[in-house]
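Chain letters run A, B, ... following the sequence lines, proteins first and then strands; every chain starts at 1.
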Amino acid sequence: MDMEAGAIIVASRPHPRLAPISADQSMPLVWLKVAVAFYAVGLLWATATVSRPCNFLSKIVFPALGLGMVFHFVSLAESAMTTGHLTLTLVSIHESESLLAFVILAFFLLVYAKYKTLSPGIFVFPLAFLLTFASSIGQGPPLFDSKLMRSGWIFAHIALIFTGYAALFLSFGASILYLLQERSLKAHRLAGYLSRLPALEVIDEIGYKSLLLGFPFMTFGLIAGSVVAQEHFGPMYFLDAKILLSLLMWAVYMVLLYTRWNSGWRGRKAAYLATFAFIAAVSAWAANYFSGVHRFVAQ
Amino acid sequence: MTFQLIGVNHRTAPLEVRERLAISEAKLPAAVQQLAQHPGVEEGMIVSTCNRVELLARSRNGGADLRAFLGEYFKIDPGQFDQHLYEYLDKDAIRHLFRVTASLDSMVVGEPQVLGQVKEAYAVARAVGTVNSQLDALVTRAFAVAKKVRTETAVGSSAVSVASVAVDLAKKIFGSLSGKTVMLVGAGKMCELAARHLLAHGAGSIFVYNRTLERAQKLAQKFGGHALPWDQLYDSADKADIVITSTGAPVAIFRREHGEKFLARRRNRPMFFIDIAVPRDVDPEVNKLDGIFVYDIDDLQQVVATHVADRHREAQRAEDIVNDEVERYLARMQTLDVVPTIVSLQEHLETIRQAEIDRVRGRLGQLTPEQDLAIEAMSRGIINKIMHTPITTLKSAAREEQGTTVIDVVRRLFNLQHKQDKEEKQEKVESAANGAQR
């Protein structure tokens with residue numbers, strides 16, 4: 001492992017093309033902070049909706065989300081332009097959080113366009129807020145560079161995997177909603193926020209379709225990652241924590257799809273699996289912090 | 001102006017009385033015209049439904065004897081129904097009208113049919129021309145209040161019958177009902193009613209099971225469904241998304257093992273059992289299976305009860321809205337009362353001004369156009385300056401209790417009373433009020 005890690009330890013001084021860090025590199029951060037402010041409305045909406053729905057928030061949450069995404073997009077685009085390379089922007093952990101949040105929100109919009117329900121926002125908005133918030137306070141200028149980052153494979157890897165993450169997360173949120181709705185229907189009590197959730201079968205469809213859509217992205221994303229790793233670290237890359245967790249996640253993902261397709265698992269069993277897949281995904285994500293292969297930052 | 005209302009409703013009168021006083025749709029236009037010709041009545045309309053008969057009229061100073069009209073029209077002794085009749089004047093009449101259209105006076109609070117019925121009655125009265133000015137404005141306002149109550153409160157939002165609760169629950173499970181299969185097990189009345197509701201909300205095909213195939217066929221025909229022999233029940237029930245049971249069987253027909261079998265064959269797609277039978281046809285254990293939802297008659301009635309309670313709570317808020325609206329309407333009417341006084345005051349002063357200018361012009365001889373304009377402007381300016389305070393005072397007085405006193409004083413001070421005879425004045429008031437309301 002050390003050998004491989006050594007291979008990717010990156011130059012600790014900035015790449016000539018990046019230095020010196022100019023003032024306009026702070027602009028993406030400003031836009032991101034504006035986006036965070038708009039996403040805070042979503043966070044408020046999510047908390048209010050669960051306890052006591054607020055008409056005013058329901059009215060403004062969607063426009064706020066849209067504006068937030070515009071600023072968010074500007075932030076991402078500008079950051080890509082100032083560093084001069086798209087991929088490079090994406091690999092800093094903090095910036096990737098920002099990108100992940102954006103992809104998740106885009107996925108949410110897709111669901112909204114089809115089903116006209118804000119309900120998944122209960123999970124999506126807080127997560128998007130947290131990710132962008134963390135990204136906006138913890139972001140430093142990129143201090144790394146390596147040949148690795150320049151390859152198109154890495155870019156494909158990140159974009160695909162993130163879409164897969166977004167799908168998995170939405171599906172996870174949908175299965176929680178499904179459980180809540182199922183429970184209230186079983187208990188013959190339909191009050192409060194639950195009475196405003198979409199119908200059980202609609203929630204189920206949202207979860208399943210997200211899963212279906214996300215799977216190819218996840219699969220190809222992992223393949224793209226493997227290609228890069230194989231090329232740079234040889235066959236031993238497999239033993240890295242992050243990669244093992246990713247494979248585990250992928251396996252659970254596949255089981256999830258299979259049980260659904262084969263025996264129509266939904267409700268409680270499906271929710272357990274989705275939770276498991278989600279935890280695997282989060283661990284794979286968190287493994288960034290201790291993975292050798294994935295650690296691009298060397299300070 | 002005065003609004004008067006007389007009527008009976010489901011609370012004050014038994015069905016026999018309401019039947020006696022009901023006016024059929026065909027006879028309504030003639031009846032409304034007769035009402036408008038009744039002494040003292042200026043405008044009028046009649047609402048006649050199975051739950052209420054109400055006569056609404058605008059009269060001069062509340063002088064129309066609507067009881068006498070009832071006696072005349074129905075050829076009854078006017079005293080005969082006294083104990084069932086209610087009669088309201090002005091503010092109370094307005095409030096009653098608002099409450100009726102907002103469906104706060106209905107048998108089931110919040111049921112919206114009554115609004116449609118009042119709208120029909122209004123259309124009839126308008127068509128024959130018995131509603132044309134202030135009553136028109138009042139009824140239109142009542143419709144607006146009804147809409148406000150509907151949007152701002154949840155008084156009409158939840159289902160309050162067993163059948164409609166069943167439909168709501170089915171929608172909560174399946175989203176859209178289109179293409180869903182409904183299965184009736186047993187052929188009870190309630191079963192039929194629930195099935196009708198489901199069909200009306202888009203449910204697809206219907207299957208009917210009954211111990212006697214004949215009865216099943218008879219019921220199936222009513223819905224354009226299919227009757228199936230009883231012995232196929234367990235083999236084909238899994239094809240149904242919604243199962244409504246109402247057999248007289250002494251023990252449960254559907255038990256846990258059946259539910260498990262159905263789910264396996266359906267690949268866990270959800271199923272909804274509506275069990276209207278007593279004793280129950282579906283074992284409560286079935287509800288414990290993932291994906292099967294069982295509601296028995298008690299569950300449904302409990303939902304109905306909570307919804308009714310919700311409605312009553314919302315009704316209180318609706319009453320507050322109605323009360324506010326009544327106050328606002330009265331305030332507006334009073335402001336309108338002051339309009340004719342202001343108009344005649346202005347006319348009065350304008351006549352004086354014109355007369356004075358004509359007089360002075362004779363003495364001044366030939367004037368240049370500039371001088372002419374200057375005299376016009378000056379005289380107008382003086383009048384406007386002087387009149388500013390009295391007019392604002394009149395306007396604000398209209399909103400106060402002693403408004404009429406102030407109006408009287410102004411009229412006497414400027415001698416407006418004797419300008420026109422009483423009849424003419426009444427007309428002016430009306431047209432001014434109309435003009436302002438439109």
Side-chain angles (χ1 to χ4, degrees), chain A residues 52-56 58-59 111 114-117 119-120 174-209 211 256-274, chain B residues 151-154 157-159 165-180 201 238 241-242 259-260 262-275 284-307 309-310 313:
Chain A
R52 198 156 47 92
C54 166
N55 270 336
F56 174 69
S58 307
K59 261 179 216 155
V111 171
K114 176 106 207 290
Y115 298 97
K116 299 279 173 288
T117 170
S119 296
S175 51
I176 302 286
L177 289 181
Y178 187 99
L179 279 186
L180 289 173
Q181 177 81 306
E182 187 186 35
R183 183 166 301 175
S184 78
L185 276 167
K186 287 247 183 231
H188 305 152
R189 263 186 287 111
L190 287 164
Y193 177 65
L194 294 173
S195 61
R196 263 174 298 263
L197 281 182
L200 204 59
E201 285 219 315
V202 174
I203 302 176
D204 186 51
E205 202 181 313
I206 293 175
Y208 183 51
K209 290 239 168 104
L211 221 50
L256 204 57
L257 268 181
Y258 178 75
T259 54
R260 171 62 200 240
W261 171 77
N262 185 52
S263 53
W265 269 21
R266 62 196 88 205
R268 204 154 4 124
K269 294 175 201 153
Y272 289 151
L273 269 181
Chain B
T151 49
E152 289 183 14
T153 72
S157 61
S158 46
V165 163
V167 169
D168 274 8
L169 286 168
K171 281 189 174 167
K172 211 72 218 156
I173 295 169
F174 300 110
S176 156
L177 296 187
S178 70
K180 297 295 168 199
H201 284 84
D238 60 279
D241 301 292
I242 302 164
E260 278 165 356
F262 296 156
L263 279 176
R265 281 196 231 133
R266 288 172 64 81
R267 286 197 184 176
N268 291 311
R269 272 183 298 122
M271 248 181 132
F272 181 27
F273 282 87
I274 304 167
D275 183 1
E285 279 290 304
V286 178
N287 191 43
K288 291 188 180 144
L289 296 169
D290 281 354
I292 294 192
F293 304 90
V294 182
Y295 277 71
D296 61 36
I297 187 71
D298 261 14
D299 299 327
L300 294 172
Q301 261 158 3
Q302 207 163 351
V303 176
V304 167
T306 40
H307 286 180
D310 287 350
R313 209 179 40 241

Discussion item. Applying side chain to side chain contact (heavy atoms under 4.5 Å, CB included) to A:L185 and B:F272, what does each step give before you reach the verdict?
Written reply: CA-CA 10 Å; A:L185 276 167; B:F272 181 27; over 6 Å; no
Take B:K171 and A:E201 through the salt bridge (Lys or Arg N to Asp or Glu O under 4.0 Å) test and state the conclusion after the steps. CA-CA 9 Å; B:K171 281 189 174 167; A:E201 285 219 315; over 6 Å; no
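With a 4.5 Å cut-off on non-hydrogen atoms, A:D204 does not touch chain B at all.
For A:E205, the CD atom is densely surrounded, since the number of other residues' heavy atoms within 6.0 Å is greater than 12. No more than 12 heavy atoms of other residues, nucleotides or ligands lie within 6.0 Å of CZ in A:R183, so this atom counts as exposed by the packing criterion.
In this structure, the side chain of A:H188 does not engage the main chain of B:V303 through any donor-acceptor pair within 3.5 Å.
For the salt bridge (Lys or Arg N to Asp or Glu O under 4.0 Å) test, no residue two or more places apart in sequence or in another chain qualifies with B:R267. Listed by chain and residue number, nothing satisfies the side chain to side chain donor-acceptor pair (under 3.5 Å) test with A:Y208 (two or more places apart in sequence, or in another chain).
Annotation: side chain of B:D290 is in contact with side chain of A:E182 (closest heavy-atom distance under 4.5 Å). By the 4.5 Å heavy-atom criterion applied to side chains, A:L200 and B:F293 are counted as neighbours. Between B:N287 and A:K186 there is a side-chain heavy-atom pair separated by less than 4.5 Å.
The two residues A:A199 and B:G175 make their nearest non-hydrogen contact at CB-N, 3.1 Å.
Note: B:I292 leads B:L263, B:I292, B:T306 in heavy-atom pairs under 4.5 Å with chain A.
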